[in-house]
Amino acid sequence: MSDLSIAQERLKSLRMSEASQYLPTLVKEAEMHDKSYLVFLNSILEYEQKRREEKLLERRLKWAAFPSHKTLDEFNLDEQQSLSRKQLNQLKELTWIEQLYNIIFLGPPGVGKTHLAIGLGLEAIHQGYKVMFISMGDLVHTLKTEEISRKSKTRMKRIRDANLLIIDDLMFMAMDQHEANLFFHLINDLYNKSSIILTSNKAPKDWGELLGDPAITTAILDRIIHRAEIIHLNGDSYRMKHRTSIFESSKA
């Protein structure tokens with residue numbers, strides 16, 4: 001076995017498989033540019049670290065299960081006057097995730113709720129956070145089948161482990177009491193642990209009509225809106241009474 005092969009096997013045994021695979025190229029580059037031993041060693045470590053970060057990013061993007069790739073840079077603020085450039089930049093900083101704030105985008109279809117949610121989710125992944133995206137319909141189905149479906153169990157584990165959960169089309173359909181209970185327990189599990197982005201065409205005051213049980217509705221609202229920024233995308237951004245804001249100022 002050649003010295004190169006021995007070095008590659010040792011890198012593999014140290015769980016540096018990416019550097020092991022690319023080692024012949026790194027050796028040629030080092031010989032060509034007459035690199036010092038230390039520079040050569042750092043090039044091996046740098047390559048391994050870079051590839052690990054890239055693979056982690058790819059894995060988290062796959063797990064997030066975004067329905068499309070929509071970045072914040074692609075969002076046209078000129079067509080949505082209820083959100084200023086400064087506010088969008090503040091959202092993009094993601095300090096609200098560290099503060100365990102929730103973001104609620106309200107408005108009719110086509111105003112950019114899902115686009116903003118996905119864009120913030122992508123930004124969060126690139127900043128090292130774990131993100132999950134799911135529609136309300138899929139979430140209810142996943143909750144109901146968690147105990148009998150391996151796929152649902154895996155999805156729910158990722159949801160509970162996420163730093164940011166995005167629930168799209170919240171309250172677009174009525175729930176029975178069992179479904180509402182399952183949803184409450186999930187929100188309770190995530191409370192003070194993860195941030196949530198919700199998109200909905202119904203304001204929180206109307207959620208009770210779809211949840212049915214007033215007690216469950218109150219409990220869910222208490223946990224979601226305790227720390228929440230509510231942004232109405234069909235008019236001015238507004239906040240629930242007596243709630244603090246993540247924004248430094250309302251307009252820029």
How long is the straight-line distance from CG of Leu91 back to CD1 of Ile103, given to the nearest 0.5 Å?
5.5 Å
Donor-acceptor contact below 3.5 Å, side chain Ser68 vs main chain Lys70
no
Is there a side-chain contact between Leu164 and Lys130 in this structure, where contact means two heavy atoms from C-beta onward sitting under 4.5 Å apart?
no
Are Lys50 and Glu46 ion-paired here, with the side-chain N under 4.0 Å from a carboxylate O?
no
Is there a path of hydrophobic side-chain contacts, each under 4.5 Å between heavy atoms, that joins Val39 and Leu26?
no
When clusters are formed by joining ILVMFWY residues with side-chain heavy atoms under 4.5 Å apart, either directly or through shared neighbours, do Leu56 and Ile97 land in the same one?
no
Quiz question: by atom type and distance under 3.5 Å, do the side chains of Asp169 and Ser135 form a donor-acceptor pair?
no
Within the structure provided, determine whether Lys86 and Gln90 are in side-chain contact (heavy-atom separation under 4.5 Å).
yes
Between atom CG of Leu165 and atom CG of Leu186, what is the distance when rounded to the nearest 0.5 Å?
6.5 Å
Working to the nearest 0.5 Å, report the span between CG of Leu190 and CG of Leu100.
10.5 Å
Apply side-chain contact (heavy atoms from CB on, under 4.5 Å) to the pair Ile224 and Ile104, showing each step before the final yes or no.
CA-CA 9 Å; Ile224 290 177; Ile104 303 176; 3.9 Å; yes
Is it possible for you to say whether Leu41 and Val27 belong to one hydrophobic cluster, with membership spreading through side-chain heavy-atom contacts below 4.5 Å?
yes
Check ion pair Arg160-Glu146 (N to O, under 4.0 angstrom)
yes
Looking at Glu58 and Arg51, what are the two nearest heavy atoms and their distance?
OE2-NH1, 4.5 Å
Hphob cluster co-occupancy, Ile197 + Trp63, side-chain heavy atoms under 4.5 angstrom
no
Pair Lys55 + Glu18: basic N to acidic O under 4.0 Å
yes
With a 4.5 Å cut-off on side-chain heavy atoms, are Leu182 and Val140 touching?
no
Can you give me the closest heavy-atom contact between Ala203 and Leu106, atom names plus distance?
CA-CD1, 3.9 Å
Say whether, by atom type as modelled, one donor and one acceptor occur between the side chain of Ser194 and the main chain of Ala162 under 3.5 angstrom.
yes
Okay, side chain of Lys113, backbone of Pro108: is any donor-acceptor separation there less than 3.5 Å?
yes
Indicate the atoms forming the closest heavy-atom contact of Ser152 with Thr145, along with that distance.
OG-OG1, 2.6 Å
Stepwise side-chain contact (heavy atoms from CB on, under 4.5 Å) check, Ile134 with Arg155
CA-CA 10 Å; Ile134 192 166; Arg155 180 179 282 188; 3.7 Å; yes
Do Leu94 and Leu61 share a hydrophobic cluster, counting only Ile, Leu, Val, Met, Phe, Trp and Tyr and linking them when any side-chain heavy atoms are less than 4.5 Å apart?
yes
Is the closest side-chain heavy-atom distance between Phe183 and Ile220 below 4.5 Å?
yes
Within the distance-only criterion (no hydrogens, no angle test), does the side chain of Asn201 pair as donor or acceptor with the backbone N or O of Gly107 below 3.5 angstrom?
no
Asn42 vs Tyr37, test: side-chain contact (heavy atoms from CB on, under 4.5 Å). Steps then yes/no.
CA-CA 9 Å; Asn42 277 327; Tyr37 298 127; over 6 Å; no
Are Asn102 and Ser195 linked by a side-chain donor-acceptor pair shorter than 3.5 Å?
no
Which value, rounded to the nearest 0.5 Å, describes the distance between Phe133 atom CZ and Ile118 atom CD1?
4.5 Å
Check whether any side-chain N or O of Asn181 sits under 3.5 Å from a backbone N or O of Gln177 as a donor-acceptor pair, and report yes or no.
yes
Specify the closest pair of heavy atoms between Ala117 and Ile166, including all atoms of both residues, with the distance to one decimal.
O-CD1, 3.2 Å
Would you call the rings of Tyr22 and Tyr47 parallel, tilted or perpendicular, taking 30° and 60° as the class edges?
parallel
So which heavy atom on Asn192 is nearest to which on Arg227, and how close?
OD1-NH2, 2.6 Å
Atom CG in Leu139, atom CE in Met156: separation rounded to 0.5 Å?
6.0 Å
For Lys28, is there any backbone N or O sitting under 3.5 Å from a side-chain donor or acceptor partner on Glu31?
no
Would you call Asp73 and Lys92 a salt bridge, using N to O less than 4.0 angstrom?
yes
Do Arg60 and Tyr129 come close enough that some side-chain heavy atom pair is under 4.5 Å?
no
What I'd like to find out is whether the side chain of Thr199 reaches to under 4.5 Å of the side chain of Leu170, using heavy atoms alone.
no
Closest non-hydrogen atoms of Met16 and Leu45, given as atom of the first, atom of the second and distance, are CE-CD2, 3.8 Å
Pair Ser20, Ser17: side-chain N/O donor-acceptor within cut-off below 3.5 Å:
no
Within the distance-only criterion (no hydrogens, no angle test), does the side chain of Gln127 pair as donor or acceptor with the backbone N or O of Ala124 below 3.5 angstrom?
no
Let me confirm one number: the CG-CD1 distance from Leu83 to Ile231, rounded to the nearest 0.5 Å.
5.5 Å
Is the count of non-hydrogen atoms from other residues, nucleotides or ligands lying under 6.0 Å from Gln21 atom CD greater than 12?
no
For Thr154 and Arg158: C-alpha separation, side-chain torsions, deciding distance, then whether side-chain contact (heavy atoms from CB on, under 4.5 Å) applies.
CA-CA 6 Å; Thr154 298; Arg158 291 175 181 171; 3.9 Å; yes
Under a 4.0 Å threshold between the charged nitrogen and the carboxylate oxygen, would Lys157 count as salt-bridged to Asp161?
yes
Surrounding CG of Asp3 (heavy atoms of other residues, nucleotides or ligands, distance under 6.0 Å), is the total greater than 12?
no
Do Leu57 and Ile125 have side chains that approach each other closer than 4.5 Å (heavy atoms only, starting at C-beta)?
yes
I'd like to know if the side chain of His115 reaches the main chain of Asn76, judged simply by a donor and an acceptor atom lying under 3.5 Å from each other, with no hydrogens or angles considered.
no
Would you indicate whether the side-chain heavy atoms of Phe105 and Leu198 approach each other to under 4.5 Å?
no
